[in-house]
There are 2 protein chains.
Amino acid sequence: MTSTSSRHDEATPEADAEPRWLTPAQQVHWRAYLLGSARLNEALTRQLEAEAGLSLSEYEILVRLSEVPGRTVRMSELADALVFSRSRLTHTVTRLERRGLVERRTCSADGRGVNCVMTDEGFDLLRDAAPGHVRAVRAHLLDLLTDEQFAVLGEAMAAVVRGPAGIEGDCKGQPSA
Amino acid sequence: MTSTSSRHDEATPEADAEPRWLTPAQQVHWRAYLLGSARLNEALTRQLEAEAGLSLSEYEILVRLSEVPGRTVRMSELADALVFSRSRLTHTVTRLERRGLVERRTCSADGRGVNCVMTDEGFDLLRDAAPGHVRAVRAHLLDLLTDEQFAVLGEAMAAVVRGPAGIEGDCKGQPSA
DNA sequence: ACACGTTGCTTGAGCGTTCAACCACACGGC
DNA sequence: GCCGTGTGGTTGAACGCTCAAGCAACGTGT
């Protein structure tokens with residue numbers, strides 16, 4: 001998928017300074033990445049859904065909230081930290097709020113701002129959900145890799161996060177938008 | 001996100017043979033993975049959408065079709081190869097068909113089967129779309145990594161695809177379902 | 001004090017994926 | 001021949017995300 005190769009249009013004559021296709025080896029790795037990341041995502045999503053009734057996004061929000069004193073974070077900060085669009089965060093928090101895991105509180109000191117506060121229920125749910133999630137991460141990723149491999153993977157993805165060197169259009173902050 | 005750490009519940013007394021949390025280093029890598037894969041996906045999705053009006057799923061289907069003689073693949077094979085649910089494939093192919101990029105043809109030799117055939121239009125579109133996609137893959141992934149790193153990444157993800165050693169519940173075939 | 005642009009968040013429509021039925025054909029036993 | 005089971009594929013509702021529009025409060029200039 002998402003290829004990159006072509007049996008129809010081999011290496012083009014134009015100087016191969018900017019190669020049009022991937023080498024076979026690159027293709028194999030690229031496809032492995034696509035497949036693997038899809039599978040991993042799916043496995044974690046299912047596990048969380050089954051054991052805690054949470055989506056990954058919801059889980060990430062709860063985790064973030066649990067990490068700060070007061071379990072309170074402003075919507076915009078939350079969105080930036082998780083690299084969610086504001087709209088996405090609004091929708092997801094609305095769902096969490098309906099379930100009583102989180103509360104909205106208008107921000108003193110800035111009438112526009114909204115603070116997202118984790119309730120005790122939310123905290124308890126996260127506490128119960130976390131071990132299973134960690135187990136899943138281990139089972140589907142960590143335990144399958146050597147420490148070496150995992151470290152390289154982490155560094156590689158960190159490079160991806162940093163993004164292409166000179167870009168202006170789609171670098172950081174809001175998911176490009 | 002998706003943590004794995006806890007400032008509230010340190011190492012539990014129970015033999016730490018099965019550690020409950022990730023080490024700080026592991027956390028860093030894990031978060032990098034989550035962020036990076038999200039970003040990469042987004043970048044590629046946007047690029048394809050903008051330049052060819054295709055989603056990644058649609059693109060993958062076209063690629064697969066373009067790779068076989070006759071540009072014809074049975075729905076179920078397509079689903080297995082791409083690791084799409086059957087339903088997802090049906091919907092996506094329906095959209096592609098409406099745009100004239102693909103045709104459905106009932107399968108001789110098995111009345112239930114349906115063959116998915118790429119039209120010339122579909123092929124032309126893919127041909128036009130591919131270079132831009134490859135460029136994006138390079139810009140957002142390949143060019144940011146050393147060959148070493150990319151190779152390790154590929155192998156690591158291949159291990160993920162293979163999955164946990166002894167599982168019966170959710171290994172291959174249909175996305176677990 | 002007031003208009004203006006900006007920032008923070010929400011809203012609703014549209015789209016793609018999932019899930020749970022569901023139909024249609026194939027293959028086996030009888 | 002005819003049921004029953006299994007397989008291939010489709011359908012429609014629910015759900016989550018995106019996008020574009022909207023509203024409300026801040027801040028600045030005049």
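Residue numbering restarts at 1 for every chain, and letters A, B, ... go by the order of the sequence lines.
Remark: A:Glu97 engages A:Arg104 in a salt bridge (Lys or Arg N to Asp or Glu O under 4.0 Å) (not counting sequence neighbours). Checked against salt bridge (Lys or Arg N to Asp or Glu O under 4.0 Å), B:Asp128 has no partners two or more places apart in sequence or in another chain.
Taking only side-chain nitrogens and oxygens, A:Ser57 comes nearer than 4.0 Å to OP1 or OP2 of D:dC17. Listed pair B:Arg95 / C:dC15 fails the phosphate criterion, with no side-chain N or O lying under 4.0 Å from OP1 or OP2.
The distance between atom CD of A:Glu49 and atom P of C:dT17, rounded to the nearest whole Å, is 18 Å. Regarding B:Leu56, its CG atom lies at a distance of 18 Å from the P atom of D:dC17, rounded to whole Å. What separates CZ of B:Arg88 from P of C:dC19 is a distance of 12 Å, to the nearest Å. Rounded to a whole Å, the CG atom of B:Leu78 is 16 Å from the C1' atom of D:dT10. Atoms CG (A:Leu48) and C1' (D:dG16) sit 15 Å apart, rounded to a whole Å. The CG atom of B:Leu54 sits 14 Å away from the C1' atom of C:dG16 (whole-angstrom rounding). Across the protein-nucleic acid pair, A:Phe84 atom CZ and D:dC17 atom P stand 7 Å apart, rounded to whole Å. Rounded to whole angstrom, the span from the CZ atom of B:Arg98 across to the P atom of D:dT11 amounts to 10 Å.
Nucleotides of DNA chain D nearest to A:Ala109 and A:Ser55 differ in position, and the one nearer the 5' end is that of A:Ser55.
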**Fill in**
Contact string for nucleotides 6-11 of chain C, one letter per nucleotide 5' to 3', B = base within protein heavy-atom range under 4.0 Å, S = sugar-phosphate only, - = neither, reads -BSSBB

Listing, residues 113-126 of chain B side-chain donor-acceptor contacts under 3.5 Å, not counting sequence neighbours, or none:
unit_1: B:Thr119; atom_1: OG1; unit_2: B:Gly100; atom_2: O; d: 2.7
unit_1: B:Thr119; atom_1: OG1; unit_2: B:Leu101; atom_2: O; d: 3.2
unit_1: B:Thr119; atom_1: OG1; unit_2: B:Glu121; atom_2: N; d: 3.4
unit_1: B:Thr119; atom_1: OG1; unit_2: B:Gly122; atom_2: N; d: 3.0

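Under the 3.5 Å distance criterion, with hydrogens and angles disregarded, a donor-acceptor pair is assigned to the side chains of A:Arg88 and A:Ser57.
The existence of a salt bridge linking A:Glu67 and B:Arg31 is confirmed by a sub-4.0 Å separation between a basic side-chain nitrogen and an acidic carboxylate oxygen.
Within the structure, side chain to side chain donor-acceptor pair (under 3.5 Å) contacts touching residues 147-160 of chain B (residues at least two apart or in different chains) do not occur. Applying the ring-ring contact (aromatic ring centres under 6.0 Å, His included) rule to pairs touching residues 90-122 of chain A yields nothing, sequence neighbours excluded.
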